[in-house]
Amino acid sequence: MNVGERHYRTIWLSDDKRSVEIIDQRWLPHEFRIEKIGTVARIATAIRDMWVRGAPLIGVTAAYGVAIQMTEDASDEALDAVWETLHKTRPTAINLRWALDEMRRHLKPLAPERRAEAAYRRAAEIADEDVGLNRAIGENGLAIIKAIAARKKPGETVNILTHCNAGWLATVDYGTATAPIYLATEAGIPVHVYVDETRPRNQGAQLTAWEMAGHGVPHTLIVDNAGGHLMQHGDIDMVIVGTDRTTANGDVCNKIGTYLKALAAADNDVPFYVALPSPTIDWTVADGLAEIPIEERSGDEVSLVWGKTADGKVAQVRVSPDATPAANPAFDVTPARLVTGLITERGVAKASREGLKAMFPERG
Ligand SMILES: CSC[C@@H](O)[C@@H](O)C(=O)COP(=O)(O)O
């Protein structure tokens with residue numbers, strides 16, 4: 001998507017054809033910084049410390065990490081070792097394992113001397129595929145927004161609530177949850193987005209709000225606890241969120257707090273949609289609550305908040321007493337029964353084993 005006049009993806013191959021460049025998301029919305037990364041160790045840090053984040057982008061970054069490794073040592077042992085190193089960085093988003101598996105599956109049959117070139121080619125393809133998947137999700141989600149708009153008076157706004165950042169910053173381009181919003185805006189449908197701030201790291205306040213502002217999408221930032229109240233008052237027409245892993249039964253794991261939005265949506269008959277590309281489906285697990293590992297991040301992310309000071313510096317402040325410990329589970333699971341539909345690249349599936357099997361019969 002555009003930043004100012006210029007089009008950016010979130011990750012691209014550097015001019016040296018070996019390193020990658022990323023938008024370093026730790027500094028947004030206050031500073032737009034690009035970071036060049038040329039080692040596996042720095043790729044691992046960038047994923048773990050969330051310079052890049054969002055399930056699809058984590059996967060693509062890891063794919064380039066494998067490619068970088070192949071330029072140094074392309075043996076079977078090195079391929080297995082880089083898989084392990086990068087897989088450990090963030091446990092919940094299944095796209096990470098999907099991309100690492102895909103790279104290893106692609107490279108293992110090749111002679112080591114051919115692996116580096118093949119790895120960069122496959123990583124670039126995975127990046128391009130992500131853009132295509134998100135575009136298709138956008139079209140399928142747009143149909144839902146259009147149907148809601150058609151039930152309103154002409155010109156009346158469709159109000160959408162989203163949680164965390166499942167925007168273009170979380171993918172290579174377009175985003176998952178935001179792709180239908182961007183396409184609706186392009187199509188001239190009046191949409192307005194309620195952006196959950198998404199504590200503790202504020203991906204909504206810092207990233208989604210930045211995206212919406214950058215693309216002229218009318219939006220309002222709200223605290224995480226406001227969604228239920230707005231739904232009770234008829235201010236939300238639909239919820240769209242992304243997901244880090246959706247099970248074969250349609251349980252949805254996403255940023256902490258998603259489950260509470262789904263409960264409030266169910267209580268108020270507000271449709272609750274989840275937008276996801278197929279690499280986010282974990283066909284090996286059924287029960288999301290029992291089987292998905294939930295990342296536990298540092299309590300410092302709860303106790304300390306980043307922001308811009310009055311003199312324009314990006315700084316961190318403490319919001320709780322020094323001695324107070326904090327827990328920080330980063331994701332939760334929304335049971336399939338609370339999900340109205342899964343917006344995939346192939347269409348909108350019912351959040352159930354049957355629904356997903358019908359949409360992806362080859363995985364059945
Ligand atoms: C298209 S991104 C889907 C999810 O990855 C997104 O909603 C999310 O929860 C991101 O969490 P994050 O911890 O910022 O990586």
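Both counts, for ligands and for their atoms, begin at 1 and track the order of listing.
Residue contacts with ligand 1 for T280 are absent, since no atom lies close enough (heavy atoms, distance under 4.0 Å). Residue contacts with ligand 1 for P56 involve side-chain atoms from C-beta outward but no N, CA, C or O (heavy atoms, distance under 4.0 Å). Contacts with ligand 1 closer than 4.0 Å are made by side-chain heavy atoms of M50 only, the backbone lying farther away. Contact annotation: for R201 versus ligand 1, there are no heavy atoms closer than 4.0 Å. With a 4.0 Å heavy-atom cut-off, ligand 1 is reached by the side chain of C164 but not by its N, CA, C or O. Residue contacts with ligand 1, taken as heavy atom pairs separated by less than 4.0 Å, involve T243 solely via the backbone atoms N, CA, C and O. Of the heavy atoms in Q203, only side-chain atoms (C-beta onward) come closer than 4.0 Å to ligand 1.
Looking at T247 and N249, their side chains never bring a donor and an acceptor atom within 3.5 Å of each other. No hydrogens or angles considered: nothing links the side chains of T185 and H215 as a donor-acceptor pair under 3.5 Å.
Each of the atoms 6 (C) of ligand 1 lies under 4.0 Å from some heavy atom of N165. Close approach to R90 involves these atoms of ligand 1, each under 4.0 Å from a residue heavy atom: 12 (P), 13 (O), 15 (O).
At a 3.5 angstrom cut-off on N or O pairs, H163 does not count as close to ligand 1. The N/O atoms of A55, backbone and side chain alike, include one that comes under 3.5 Å of an N/O atom in ligand 1. Here's the thing with T171: none of its N/O atoms is less than 3.5 angstrom from an N/O atom of ligand 1.
When the options D332, V252, I47, D244 are ranked by their closest heavy atom to atom 4 (C) of ligand 1, first place goes to D244.
A salt bridge is defined here as a Lys NZ or Arg NE, NH1 or NH2 lying under 4.0 Å from an Asp or Glu carboxylate O, and R346 with E362 meets this definition. Contact check on E102 versus R97 returns no salt bridge, with no Lys/Arg side-chain nitrogen under 4.0 Å from an Asp/Glu carboxylate oxygen. A salt bridge between R245 and D282 is present, with a side-chain N of the basic residue lying under 4.0 Å from a carboxylate O of the acidic one. Salt-bridge formation is not detected for the pair D16/R18: no Lys NZ or Arg NE/NH1/NH2 atom is positioned less than 4.0 Å from an Asp or Glu carboxylate oxygen. Using a cut-off of 4.0 Å between Lys/Arg side-chain N and Asp/Glu carboxylate O, E301 and R199 are scored as not salt-bridged.
Distance from atom 11 (O) of ligand 1 to its nearest protein heavy atom, with residue and atom name: K255 CE, 3.4 Å. Among all non-hydrogen protein atoms, the one lying nearest atom 6 (C) of ligand 1 is N254 OD1, 3.5 Å. Nearest to atom 2 (S) of ligand 1 among the protein's heavy atoms is A170 CB, 3.5 Å. Closest to atom 1 (C) of ligand 1 among all protein heavy atoms lies T176 OG1, 3.1 Å.
Contact of the Q25 side chain with the W51 side chain is not registered, since no non-hydrogen atoms from C-beta on lie closer than 4.5 Å.
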N/O donor-acceptor pairs under 3.5 Å from side chains in residues 226-234, not counting sequence neighbours:
none

message = Before you tell me yes or no, could you show the steps for I43 and V20 under side-chain contact (heavy atoms from CB on, under 4.5 Å), namely the whole-Å CA-CA distance, both residues' side-chain angles and the distance that decides it to 0.1 Å?
response = CA-CA 9 Å; I43 288 274; V20 286; 3.9 Å; yes
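A ring-ring contact (aromatic ring centres under 6.0 Å, His included) check over residues 72-128, counting only residues at least two apart or in different chains, returns the pairs W83-H87.
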